[in-house]
Structures are given as structure tokens and as C-alpha cells.
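Following: one structure in C-alpha cells, then a few remarks.
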Amino acid sequence: MQRIEEIIEMFQSADYQETLALLIDYSEDLPELPERFVENRDNGFNQVHECETPVFIFIEVQNDKVDIFADVPEESPTVRGLVSILVSAFDGATTSEIEEAPADLLMQLGLAQKLGIRRVRGLSAVYAMIKNEVKKQKAGS
Amino acid sequence: MAEYANPDVLVSTQWVADHIDDPNIVIVESDEDVLLYEIGHIKNAVKVDWQNELQDQLVRDYVGPEKFEKLMSEKGISNDATVVFYGDKSNWWACYALWTFKVLGHEKCLIMNGGRQKWVEEERELTKDVASREKTNYKVSKTDESIRAYRDDVSKHMAAGKPMIDVRSPKEYSGELLHMEAYPQEGALRGGHIPGAANVPWATAANEDGTFKSADELSDIYENQKGLKKGDDVVAYCRIGERSSHTWFVLKYLLGYESVRNYDGSWTEWGNLVKAPIEKP
Amino acid sequence: MSEKVKEQIDITSDICPMTFVKTRLKLEKMSPGEVLEVMLCEGEPLSNLPKSVTQEGHKVLEIIKDGSNYKVVIERC
């Protein structure tokens, strides 16, 4: 797990080529979806429908600790890289860390300016889904 | 079976494979996903990014002749080079880049039929090596505004009752959605379509494998079903002008309509324009 | 510093994966056979960077301790 402040600082300091290279790195490092979620994914559960690319997010909250699992096709490296940033920042975090994470996180990362807004917009839906799901599961536990 | 009006503007994946090392051919990849080129592209292909390289970063417009000259020179594309475009999503962005190149006056532009998807499905070779081409001294001698429509042209076109193709999804056309599904921030204040426009979603012209439909199928879609006739003066639009460049390519080159313009202001201009007439079922 | 060293970068103030990204982009701009010297911190960068660079097909020539930092000398392959 990486601290979100560090990730923000890193992306803010990155030039265009470094940004692309960082995203490729994150994209390659997204862990494979554990076997136990595959059936749900194949049945279309947990898809982030706002994304044009098929993005699946699974969230488990146990003892106030959040585990995040994601699945994004390798043919969509940009989306995969963006989702992987969120996983790297929030997988293993506490529920309150996720609740308190900045609402304008995506703006702070500065990716819309570098890549163009239409390439990063799906990410806000993924981010919102993570926040909502954590809130829901916390309330239900 | 009818042939395309200009069959020479399309080349096959095999043709590209055979011309990879041809010095007069420049293969250009243009994608929606900004990283696809980096994770692997056709050998010797250069990347052109519509967002960072073809659009002006301040004004809502494309780069002007000067910036285009610089871009082309740096990419190593000469004035007489034949440029072959390919990209993701059924060549959606490849057509957009081609249209922009045409507006800026580049003459020889072709499309690799099927785009990136077909190349990958055929398990053809991809490389991560960035092509280095010798710099050129590119000069724009004339631009071609005849393939671009501005809002005043569209108003006149509408008033004259000439045909228009709205290539957005049926829900955007009907006004039910103010933006493309999944693209919430590229919306407009009003929903609906330009009065008189017929709805043919852009992807109707593409097969599952990313190639274009046959001439007969295209003629059936645009002519039999939507009433276009050879010789018609046509305007195509979508939301920001990129999906409609795919349809523009189909009408202009595959069906051979001489006068087809892409309205790049599209719905994000028209649907925000004060007093612009709108049709909504 | 060895005479063979062609380029140097300092990534002591960077974190992963920027450390690797900067090194990789630098190596891409160099020609095969040229040598890059990377100044980095111990911990994650020191344990990961030589591995990642080797995976990319380059050769780690030596790792030298330099005060509280380390110099990793890489031949671009």
C-alpha cells in the first residue's frame, strides 16, 4: 500500500512521458482477480457501469480494514493503470482512511490536464464506487 | 456486389505488413487509449495523439498550420508521404486523425481496415521500439475547410432542408441522455437533435472485427433506410466531432459522396447554443 | 566515477515506481553499451531497481555504497 499523498506528489511532479510510463507500470502491477470473484465477474456483478471499459471492483471490509480487488482488461492499459493507482492507494486501508480521502483526489493527481478529460472520467465513477461501498459495508457491519 | 467508391483508401493488414519498411509509407497509430502504442505497436509506426497533438490546448480548435508543420516535421512525415492510419475502437480515432490531417492539407491518407483490433487478432507482430524517423521540413501549402462545417454552415444547411446524419446513440439523439453513456462531463444543456437530422449511430458502419461494412450494406443503411442520394450535400455530427469523422470517412470515400462535411462543434456546441432550434420527439 | 559512465541520474528523492520510470526512460534514450550511474537510497529502491533493470534486459555492473546512498552502475543493453 502506498500513501495517497505520495502518489499525488509523484504524479504532480511527473512530466508527460513519465506520466505515461508510470501508468504503464501501475497497469502491469494490478494484481490478478482472485479466483473467488471470477464467477461474480463473469455474471456481470460489481461492474462499474459508468465506465465504457469493463471494470469490476470487489470490496471486502473486515475489522475495519478494507481489501480492494479489481479487474480491468489488459487491452485497456490506461483505465487499468488508473484503477491500479486507486487499488495501490486504498487496498489495506482502514475504512476511515478511505472516507477521509480527498473528494478531489482525481483533480489533485492532475491527470485530466495531461491525458485529456475524457480519458480519466471513468475513474471518478470507480472512486465514488469504492467510497460508497466502504460506507455501505461499514454501516452494515 | 458493388465496390467501394474509392477502394484505394483502405488497405488490409497484410498490405501494411508488406509495406512496414517502405520509406514512402508512414504508419500512424491514433487511439483513444493513450497507452496502447506504448505497450506495443506495428513496427515503424509513429504515434499521433489527437488530444495532445492535434487539438489546440487553449482554444476549441485543431492545431493551426504552424504547429502542424512542426508536428509533422518532428514525426518525420514529409509532404508527399503516404500516411496509413490505424487505431483502436474500429478505427474511430484513426478516422478522426485522418480527417484532421485532411483539413490541414495532407494529401495521401489511407486507413488500415480493421485497425488495431484486427492486427492483434491476426496475431501479427507488435513492438515496443519507438520508431525513429529522420526529421522532415513539412510545409502546409493549403488547408481544406471544405470538409469542415461550422455552426453557421449548419444553420443554413438545416434551413435549406439538406440531409444531416446524427451519429450519436439513439438515446442521445432522442434527448433522453444529455451526454454519451459513460461520458458524463461532455454534456450539453439541452437534449435532442438538429431538426432534420437522421440518426445512424457511427458503429452501424463497422463490423464486429473492426472493419468497415461492405459497400452494399453501407448503401442499404444510409441510402435505402435513411434516404441519402448520390450527389447530396451532407453534414455529419456527433457530440464533439470524433465519432462523426468515422461516418464522414464512410460517406466520403466508401460511398463516394463528394460533398460531406464533419460538424466538429457538434452537439456540445449546438445543444448549448442560445436560440438554436432543436427537435425532440 | 568510472570513465565509462556516460550519464548519471539522482533518484534519491523519488519513490517507487517513479524511481524505475526515470531510470527506464533514461536508458531508453541511451545507446547499447553506454553506461548509466543511478544514485539511489537504500530500502525499496535498492532492493527493487537492480532487479527491474535486469528484467528489462540491461546489465547491472556494480553497486557501490556512497555515504548514506548507493550508486548502481548499469550498462544499457
Side-chain angles (χ1 to χ4, degrees), chain A residues 1-32 68 70 72 74 76-93 97 101-102 105-106 108-115 119-120 123, chain C residues 5-61 63 66-77:
Chain A
M1 191 183 135
Q2 280 185 296
R3 286 181 48 237
I4 190 66
E5 293 82 9
E6 285 182 345
I7 297 179
I8 290 171
E9 206 187 300
M10 181 170 68
F11 273 97
Q12 282 182 348
S13 74
D15 65 21
Y16 184 65
Q17 283 309 326
E18 287 166 353
T19 303
L20 296 191
L22 282 172
L23 276 172
I24 290 177
D25 216 72
Y26 274 100
S27 159
E28 285 170 354
D29 284 351
L30 182 69
E32 213 178 309
I68 304 180
V72 187
E74 281 172 19
S76 299
T78 301
V79 180
R80 198 176 150 89
L82 295 169
V83 169
S84 176
I85 294 173
L86 294 181
V87 171
S88 149
F90 298 121
D91 182 38
E97 276 169 340
L105 167 67
L106 306 177
Q108 291 192 35
L109 285 169
L111 292 168
Q113 295 93 306
K114 284 180 187 142
L115 307 181
R119 283 177 167 142
V120 299
L123 192 62
Chain C
V5 174
K6 165 95 179 167
E7 301 270 358
Q8 287 177 297
I9 49 167
D10 182 345
I11 52 169
T12 49
S13 57
D14 289 300
I15 59 162
C16 289
M18 185 59 120
T19 45
F20 175 56
V21 159
K22 282 191 175 167
T23 309
R24 182 159 72 82
L25 290 175
K26 192 82 188 174
L27 284 165
E28 273 173 18
K29 288 198 193 101
M30 294 168 54
S31 308
E34 289 180 348
V35 175
L36 172 70
E37 191 178 82
V38 184
M39 178 81 93
L40 45 71
C41 304
E42 58 184 353
E44 213 182 357
L46 181 63
S47 57
N48 289 346
L49 192 94
K51 259 187 283 173
S52 310
V53 169
T54 311
Q55 268 173 17
E56 292 271 303
H58 305 293
K59 204 192 279 174
V60 176
L61 300 177
I63 301 174
D66 184 346
S68 56
N69 296 323
Y70 286 84
K71 275 187 209 164
V72 177
V73 185
I74 305 159
E75 184 186 325
R76 198 247 196 246
C77 290

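Note that the coordinates shown come from a computational prediction; the quantities given were computed from them, not determined experimentally.
Here the shortest heavy-atom pairing between A:Glu6 and C:Ile15 reads CB-CD1, 3.6 Å. When all heavy atoms of C:Arg24 and A:Ala21 are compared, the closest pair comes out as NH2-CB, 3.5 Å. Taking each heavy atom of C:Cys16 and A:Met10 in turn, the nearest pair found is O-SD, 4.0 Å.
In A:Glu9, the CD atom is not crowded: 12 or fewer heavy atoms of neighbouring residues, nucleotides or ligands sit closer than 6.0 Å. Other residues, nucleotides and ligands place no more than 12 heavy atoms under 6.0 Å from the CD atom of A:Glu32.
Between atom CD of residue A:Gln17 and atom CD of residue C:Glu28 there is a gap of 8.5 Å, rounded to the nearest 0.5 Å.
Looking at A:Tyr26, only its side chain comes within 4.5 Å of chain C, counting heavy atoms on both sides.
Among A:Asp25, A:Leu22, A:Ile24, the residue making the largest number of heavy-atom pairs under 4.5 Å with chain C is A:Leu22.
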